[in-house]
Chemist: 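Starting off with a structure, shown below.
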Amino acid sequence: MTKTFPVLLASLLAVSTASVPLQVLAQQTQALDRIAAVVDEDVILQSELDRALANIKTQYAGRENQLPPDDVLSRQVLERLVLVKLQVTRAEGSGIRVSDQELNQAINSIAQQNGSNLETLRARLAQDGIDFDEFRRSVRDEIIVQRLRQSYAQSRVSVSEGEVDAAIKQQAVTGTQYHLAHILIATPDGADANQIATGKQKADGVKALLDKGELDFNAAAVRYSDSPNALEGGDLGWRSMDEIPQAFLQVMQDMKAGDVVGPLRGPSGFQLLKLVEVRDANAAASTGQTITEYHARHILVRVTDQQNDAAAKAKIDTLRARIAGGADFQAVARESSEDTNSRGQGGDLGWFPVDAFGPDFGRQVEGVTDGNISQPFRTDAGWHVVQRVATRQTDVGVDNQRAQVRETIGRRKLEEEYNRFLSELRGEAYVSFRSGDRAENTATPPQS
């Protein structure tokens, strides 16, 4: 199911094309009143955990052997639910909200992305045993978590022009990007010799399974990795040289696509690293990309409650006639244009691509030649006349490259900072497990 928003595997958005088995739904119904975990002043119900597990198992239909044992998978998914709960609580405490209108738009967008409408989506969710109100809550939580990440990025993550320059310089030298995946066998902060030895032994055991071909890397990551991206097969995405830790770079020199190295000791524990594939980062930039840009001025007369469409049209016709009679366009714009952003510059809009101000405006700019003036035309903003000043071809390959490099660096910084934030958030929280092998010996009264 294609979705508008990235989805945590533990969320209800992971609705598969196959129905959740009836026996699973029956189990969910029976478990409805049990508590799986207490998270600060909130709870996660066993039904939430069962539903998330069922969604993941549905996604892996036909590949069940890639999933870890049920107790391990349950522990991983419950941890994911705990993190979602903590993030939503922190976001709401920071004033992050999602209005009903925004939520309705998001759900309608999800339905449209899947080639259906709201009623069809609602019926499909009912068929899969998913309550629509609960689905709405899940979508709301997902949007809230995204906004928390965005807020965190804006306040904590910045990329300087110098960093972009250095990355582009490095890229020009190597011209290579690497698609990586990893498996983390975590060790505690300040681990003693026994804990380090245990971690190393486990990592060696996982590497032996990979070497023998008993598990593929993705399956091993899902089953054994302690990384937050374990359920995604340990995928780290594409990285350029400057985004890869020095310890990894040293061992990657002789690696080919598909190779796995490790265990490598790091601050978080022991890691196995897989080089998935390699690509030339400069290939797209070297082909170049040019677009047509226009330099234009305009005069706007708005349609308002005080100035109806007919009155606005009459005014723009008069202004157009004055310019045609010899009046200076910029002087008329400064005197009469109702676009406060450009009026002080004589209506000057600077250089822009054709679609910058919408398709209707763009067609008028394209329809006149340099130095000439359009006939009056209507857009959502009101009535305009446009004077096209000049045209140029601009190579945007460099701009695109810088934008991509800036985004890549920012994404890597956010990943590092946000994972640290999640670790702190989890460490500060009160979490009491009432389900699985970590269940505490605490009687839990039924939820009414």
Chemist: NZ/Lys207 to NZ/Lys200 distance, rounded to the nearest 0.5 angstrom?
Modeler: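 NZ of Lys200 is found 10.5 Å from NZ of Lys207.
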
Chemist: Quick one: are Arg147 and Val98 in side-chain contact, heavy atoms under 4.5 Å?
Modeler: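 Yes. Closest side-chain heavy atoms under 4.5 Å.
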
Chemist: Please step through side-chain contact (heavy atoms from CB on, under 4.5 Å) for the pair Leu349 and Phe357, ending with a clear verdict.
Modeler: CA-CA 10 Å; Leu349 297 171; Phe357 302 107; 4.0 Å; yes

Chemist: Got Phe270 and Leu184 here, is their nearest side-chain heavy-atom distance under 4.5 Å?
Modeler: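 Counting from C-beta outward, Phe270 and Leu184 never come under 4.5 Å.
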
Chemist: Does some side-chain heavy atom of Leu49 sit less than 4.5 Å from a side-chain heavy atom of Ser74?
Modeler: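 Ser74 vs Leu49: side chains touch.
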
Chemist: So, Arg302 and Glu338, do they make that salt bridge, N to O below 4.0 Å?
Modeler: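 Salt bridge flag = no for Glu338 with Arg302.
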
Chemist: Quick check against the 3.5 Å criterion: does Ser109 have a side-chain atom that pairs as donor or acceptor with the backbone of Gln105?
Modeler: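 Between the backbone of Gln105 and the side chain of Ser109 there is no qualifying donor-acceptor contact (under 3.5 Å).
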
Chemist: Counting C-beta onward and ignoring hydrogens, is there a side-chain heavy-atom pair between Gln87 and Thr89 closer than 4.5 Å?
Modeler: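 The answer is no; the side chains never approach within 4.5 Å.
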
Chemist: Would Arg388 pass as a cation-pi partner of Tyr294, given that its NZ or CZ must be under 6.0 Å from the six-membered ring centre and within 45 degrees of the axis?
Modeler: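 Cation-pi check for Arg388 and Tyr294: fails.
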
Chemist: Under 4.0 Å between a Lys/Arg side-chain N and an Asp/Glu carboxylate O for Asp131 and Arg51?
Modeler: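 So Asp131 does not pair with Arg51 through a salt bridge.
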
Chemist: Taking atom CD of Gln393 as the centre, report whether more than 12 heavy atoms of other residues, nucleotides or ligands fall under 6.0 Å from it.
Modeler: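 More than 12 heavy atoms, drawn from other residues, nucleotides or ligands, come within 6.0 Å of this atom.
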
Chemist: Distance alone, cut at 3.5 Å: any donor-acceptor contact between the side chains of Asp235 and His179?
Modeler: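 Checked: Asp235/His179 side chains pair up, N/O donor to acceptor below 3.5 Å.
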
Chemist: Assess, by modelled atom type and distance only, whether the side chains of Thr120 and Asn117 contain a donor and an acceptor separated by less than 3.5 Å.
Modeler: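 A pair is found: one side chain offers a donor N or O, the other an acceptor, under 3.5 Å apart.
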
Chemist: Side-chain contact test, heavy atoms from C-beta onward, threshold under 4.5 Å: evaluate it for Leu300 versus Trp383 and give yes or no.
Modeler: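 No, too far: nothing below the 4.5 Å cut-off.
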
Chemist: Measuring only between side-chain heavy atoms, which start at C-beta, is Arg140 closer than 4.5 Å to Asp100?
Modeler: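 SC-SC contact between Arg140 and Asp100 confirmed.
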
Chemist: Testing the basics here: between Val222 and Gln76, what is the closest heavy-atom pair and its distance to 0.1 Å?
Modeler: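 Taking Val222 first and Gln76 second, the nearest heavy atoms are O-NE2, 2.7 Å.
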
Chemist: Walk me through it: do Ser342 and Asp348 pass the test side-chain contact (heavy atoms from CB on, under 4.5 Å)?
Modeler: CA-CA 6 Å; Ser342 66; Asp348 199 319; over 6 Å; no

Chemist: Have Ser47 and Asp50 got a donor and an acceptor in their side chains that come within less than 3.5 Å?
Modeler: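 Result is no, nothing qualifies.
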
Chemist: Do the side-chain N and O atoms of Asp360 and Gln364 include a donor-acceptor pair separated by under 3.5 angstrom?
Modeler: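 Note: Asp360 and Gln364 side chains miss the donor-acceptor criterion.
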
Chemist: Is there side-chain contact between Leu118 and Phe132, with at least one heavy-atom pair below 4.5 Å?
Modeler: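 Yes, side chains in contact.
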
Chemist: If you measure from the Lys or Arg side-chain nitrogens to the Asp or Glu carboxylate oxygens, is any gap between Glu366 and Arg363 under 4.0 Å?
Modeler: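 Not counted as a salt bridge, because no side-chain N and carboxylate O are separated by less than 4.0 Å.
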
Chemist: Do any N or O atoms from the side chain of Ser155 and from the backbone of Ser151 form a donor-acceptor pair under 3.5 angstrom?
Modeler: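 Yes; at least one donor-acceptor contact below 3.5 Å.
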
Chemist: Side chains of His384 and Thr379: donor-acceptor distance under 3.5 Å anywhere?
Modeler: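 The criterion, which ignores hydrogens and geometry beyond distance, is satisfied for Thr379 and His384.
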
Chemist: About how many Å separate CD1 of Ile35 and CD1 of Ile44, when rounded to the nearest 0.5 Å?
Modeler: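 Interatomic distance, Ile44 CD1 to Ile35 CD1, rounded to 0.5 Å: 10.5 Å.
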
Chemist: Kindly indicate, with the supporting measurements, whether the criterion salt bridge (Lys or Arg N to Asp or Glu O under 4.0 Å) is fulfilled by Asp71 and Arg75.
Modeler: CA-CA 6 Å; Asp71 59 335; Arg75 185 165 63 246; 5.1 Å; no

Chemist: Indicate whether the side chain of Ser99 and that of Glu102 have a donor and an acceptor atom separated by less than 3.5 Å.
Modeler: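 Result is yes, a qualifying pair exists.
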
Chemist: Before accepting this row, confirm whether a basic side-chain N of the pair Asp133/Arg137 lies closer than 4.0 Å to the acidic partner's carboxylate O.
Modeler: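 A salt bridge is absent here (no side-chain N lies under 4.0 Å from a carboxylate O).
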
Chemist: Could Glu163 and Arg406 be called an ion pair, given the rule that one side-chain N must be under 4.0 Å from one carboxylate O?
Modeler: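 Judged by the 4.0 Å cut-off on N to carboxylate O distance, Glu163 and Arg406 do not form a salt bridge.
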
Chemist: For Ser432 and Arg434, work out which heavy atoms get closest and say how close.
Modeler: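 Looking at all heavy atoms of both residues, the shortest contact is OG-NE, 3.0 Å.
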
Chemist: When rounded to the nearest 0.5 angstrom, what distance separates OG in Ser268 from CD1 in Ile185?
Modeler: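 Separation between the atoms: 12.0 Å.
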
Chemist: Determine yes or no for a side-chain-to-main-chain donor-acceptor pair under 3.5 angstrom, with Ser225 supplying the side chain and Ser227 the backbone.
Modeler: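 Yes, the answer is positive, given that a donor and an acceptor are paired below the 3.5 Å cut-off.
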
Chemist: Ignoring hydrogens, what is the shortest heavy-atom contact between Glu417 and Tyr152? Give both atom names and the distance.
Modeler: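 So the minimum-distance heavy-atom pair works out to O-OH, 3.3 Å.
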
Chemist: For residues Leu78 and Ala36, report the shortest heavy-atom separation together with the two atoms involved.
Modeler: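 Nearest pair, atom of Leu78 first, then Ala36: CD2-O, 4.1 Å.
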
Chemist: For Asp339 and Asn341, indicate whether the former's side chain and the latter's backbone hold a donor-acceptor pair under 3.5 Å.
Modeler: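 Yes.
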
Chemist: Phe361 vs His298 aromatic rings, parallel, tilted or perpendicular, using cut-offs 30° and 60°?
Modeler: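 Rings of Phe361 and His298: perpendicular, over 60°.
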
Chemist: What verdict does the side-chain contact (heavy atoms from CB on, under 4.5 Å) test give for Glu79 and Phe433, after you've listed the backbone C-alpha separation in whole Å, the side-chain angles of each residue and the deciding distance to 0.1 Å?
Modeler: CA-CA 10 Å; Glu79 275 291 347; Phe433 294 104; 3.6 Å; yes

Chemist: Between the side chains of His295 and Thr391, does any donor sit under 3.5 Å from an acceptor?
Modeler: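 No, no side-chain donor-acceptor pair sits under 3.5 Å.
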
Chemist: State, to 0.1 Å, how close Ile143 and Ala106 come at their nearest heavy-atom pair, and which atoms those are.
Modeler: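 In this case the closest contact between Ile143 and Ala106 is CD1-CB, 3.7 Å.
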
Chemist: Could you tell me whether Glu232 and Arg80 have a side-chain N and a carboxylate O separated by less than 4.0 Å?
Modeler: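 Yes.
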
Chemist: Under 3.5 Å, sequence neighbours excluded: what are the donor-acceptor pairs made by side chains of residues 254-267?
Modeler:
from, atom 1, to, atom 2, distance (Å)
Asp259, OD2, Lys256, N, 2.8

Chemist: How long is the span from the CD atom in Glu48 to the CG atom in Leu53, to the nearest 0.5 Å?
Modeler: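 With rounding to 0.5 Å, CD (Glu48) is 12.0 Å from CG (Leu53).
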
Chemist: May I have the step-by-step check of side-chain contact (heavy atoms from CB on, under 4.5 Å) for Gln195 and Thr187, ending in yes or no?
Modeler: CA-CA 7 Å; Gln195 291 169 322; Thr187 54; 5.6 Å; no

Chemist: At their closest point, which heavy atom of Ala221 faces which heavy atom of Ala230, and how far apart are they?
Modeler: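 Minimum heavy-atom separation between Ala221 and Ala230: O-CB, 3.6 Å.
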
Chemist: How many angstroms lie between atom CZ of Arg149 and atom OH of Tyr418, to the nearest 0.5 angstrom?
Modeler: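 Reported to 0.5 Å precision, the distance equals 6.0 Å.
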
Chemist: Strictly below 4.0 Å, N to O, side chains only: are Arg378 and Asp309 in salt-bridge contact?
Modeler: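 So Arg378 pairs with Asp309 through a salt bridge.
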
Chemist: Tell me whether Glu41 at atom CD has more than 12 heavy atoms from other residues, nucleotides or ligands lying less than 6.0 Å away.
Modeler: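 Open: at most 12 neighbouring heavy atoms sit under 6.0 Å from CD of Glu41.
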
Chemist: Say you draw a straight line from CG of Asp204 to CG of Leu209; how long is it, rounded to the nearest 0.5 Å?
Modeler: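 Answer rounded to 0.5 Å: 11.0 Å.
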
Chemist: Check whether any side-chain heavy atom of Leu180 sits under 4.5 Å from a side-chain heavy atom of Lys274, and report yes or no.
Modeler: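 They are not in side-chain contact.
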
